[in-house]
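Working notes, beginning with the structure itself.
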Amino acid sequence: MSYDYLVKSLQKQLEDFKSDVKEESFGEVIEVGDGIAKVSGLSDVMSSEMLEFETSDGEKIYGVVLNLEEYSVGAIIFGEYKNLKEGDKVRRTERILEVPVGEAVVGRVVNPLGEPVDGKGDIKSNQFYPVEKIAPGVIARQSVGEPLKTGIKVIDSIIPIGKGQRELIIGDRQTGKTALAIDTIINQKGKDVICIYVAVGQKESKIAKIVGKLEETGAMEHTTIVLAGASDSASMAYIAPYAGVAMGEYFMDQGKDVLVIYDDLSKHAVAYRQISLLLKRPPGREAYPGDVFYIHSRLLERAAKMSEKEGGGSLTALPIIETQAGDISAYIPTNVISITDGQIFLETDLFYKGVRPALNAGLSVSRVGSAAQVKAMKKVAGKLKLDLAQFRELEAFAQFGSDLDESTRKQIARGTRITEILKQGQYNPIPQPKQVAIIYAATNGYLDELPVENLDAFEEKLFAKLDNEAKDILDNIEKTGELSESDEEKLKKLIAELVDMEEKLSDNKEEESAKKEEDKKEEDK
Amino acid sequence: MKKDQAKILARGVYTAIAEKGKNEVESIVNNFLAYLKDHRLNFLIPSILEELENIYLDEKGIVKTTVSSKDKLAEKEVKQISDLVSQKSGKVVQVKETEDKDLIGGAVIRYEDKVIDLSIKKQLKNLAKQLAS
């Protein structure tokens, strides 16, 4: 670059420079609290407008107006509010809070303002979406009709989730709520679904672990993590879900499918309670402010399946709620249960019994998902639900063992085997066709004679056999979503063969162990 | 909080003493001071006085304007500024001039909660912003 060129371009820049002087509104900070500020002046400011605070050493901090009062304005502050002092200048920006959206944020970890926190450089995006936006109306939507495959057997079979649905994941701490969400993200790999994981008030170590796992499985390529950590201010936690859904809405408007996970909304409600109390809004039940229902309903209402005219995109929401000692009748859990289209209820007792995912099939429902289930799954899952429900009624009698009549014993045997095959390890999503195969085997009684502890190994063998010998069955189910009669015959034969082999194997083992015992006895003699 | 309280009290006293005779005003003010003492609000007196002045100016339709500049402005310029502000606010303008060496040149006009920044400092800042982007 020559010297002349530099001078010339500078000259051009200077010629273009037009200084337009505008009348600006300004105010003064009169009070600073934990993440909030009271500002005097600014008589013409709008609600939820962005403010620019300037500290005495010239640093700029942003805030958002929440309260408009007679003599002052209440605002939340994003960022380091400790440098803010009474008397600092506040300027209007005449803008609503926005976050960067687009391909540039995919694969990144960002804070609720859209600034990167993963050390991978700036986010270059020239598109912004407002954080608060009115949800799509009736005309723009269509009913849920496409499945969102979670890759988790028990969910895809009994409580299926559709694209555009809102399904709550609820349970005590340490019951595997986040694990379900992460498995679902991992399963979206290669399915053209953009995932957004919003972490509200989570430990940063946990997020680092999640990011590591997602990178390892290659799922980070289609995932954005919006992080408001446990040490970030309450105002960050409060806007994080809205920032996350705004990033998702961009892709939905492009006609793509989006999955947004809010982990978790209990902490979000607590952050909002803190802000509200500091702004001196009156407390209500459990000290939450009166509009705590509305903050969640307006957030979850933004999940939608758009009509074909609007591009046909979808935004599925999986909010997570943490209960205290299994109490789902507390304020926030009941609120969110009533907002969502169903819930997945996880229980500590089941978790420690070794049923993982620790899903309570009786209390979990999906109100719209069954419309979205593929035919093959519907065919095998109908019987599964019935068997499980009957098993639950009889479970109490299971301990009487031999005193029961033949049909009850059979029912219990079926139930325990179904419970067993619905267990699934973490980070191990299973593709739908394989799920259909193993559930087909269980509900049609092929596994009733096998010992329960061998089922895990049997499942692995069945999957391996399907991969090696009958890939066409899997492909057909994947493609058409149906289990055709000829495929069903083939599957039957395959399962029967495998069961025979298992039985022979276990017979051999029994014989062997019997022989050994005899040998031992003889030796003893 | 302090400011809100002072504003509310000042507004109350002002309405109480408006259009009253001299003797009445004196007794009202004495009562008011006794009230402040009883409620341990004496520390608010300076801000109440300030607010009373603001209310008075507001009622009379006068707007206080501060003009900061590097050097003292010519009378003609001050006149221009006060005309501009009175045109914008529709009120009578009372100009107070201050000097601020940091501004390099030009002037900053402040009235009510508005700022019109005509200083060289601000323009240089704008230029820097444009060149950076």
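Proteins get letters first, then strands, A, B, ... in listed order; numbering begins at 1 in each. The model shown is predicted, which means the values in this text are computed figures rather than measured ones.
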So, do Arg92(A) and Asp113(B) sit near enough that their side-chain heavy atoms are less than 4.5 Å apart?
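No, side chains not in contact.
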Contacts with chain A made by residues 97-111 of chain B (heavy-atom distance under 4.5 Å), listed by residue number
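So the qualifying residues are Arg110(B), Tyr111(B).
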Interface residues of residues 65-92 of chain B facing chain A - non-hydrogen atoms under 4.5 Å apart:
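Expected list: Lys88(B).
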Give, for atom NZ of Lys122(B) and atom CD of Glu24(A), the distance between the pair rounded to the nearest 0.5 Å.
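Here the interatomic distance stands at 4.5 Å.
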How long is the gap from CG on Asp44(A) to NZ on Lys114(B), to the nearest 0.5 Å?
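Answer for the CG-NZ pair, Asp44(A) versus Lys114(B), is 4.5 Å.
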side-chain hydrogen bond (donor to acceptor under 3.5 Å, both in side chains) partners of residues 224-237 of chain A, not counting sequence neighbours, each pair once:
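Those involving residues 224-237 of chain A are Ser233(A)-Ser235(A).
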Least distance between heavy atoms, Lys7(B) atom then Tyr71(A) atom
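For Lys7(B) and Tyr71(A), the tightest heavy-atom pair comes out as CD-CD2, 3.2 Å.
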Got a sec, which residues hit ring-ring contact (aromatic ring centres under 6.0 Å, His included) with Tyr242(A), two or more places apart in sequence or on another chain?
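Here the qualifying residues are Tyr238(A), His268(A).
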Counting only heavy atoms not in [X] (residues, nucleotides, ligands), do more than 12 fall under 6.0 Å from its [atom1]?
X: Lys133(A); atom1: NZ; answer: yes
X: Arg108(A); atom1: CZ; answer: yes
X: Lys60(B); atom1: NZ; answer: no

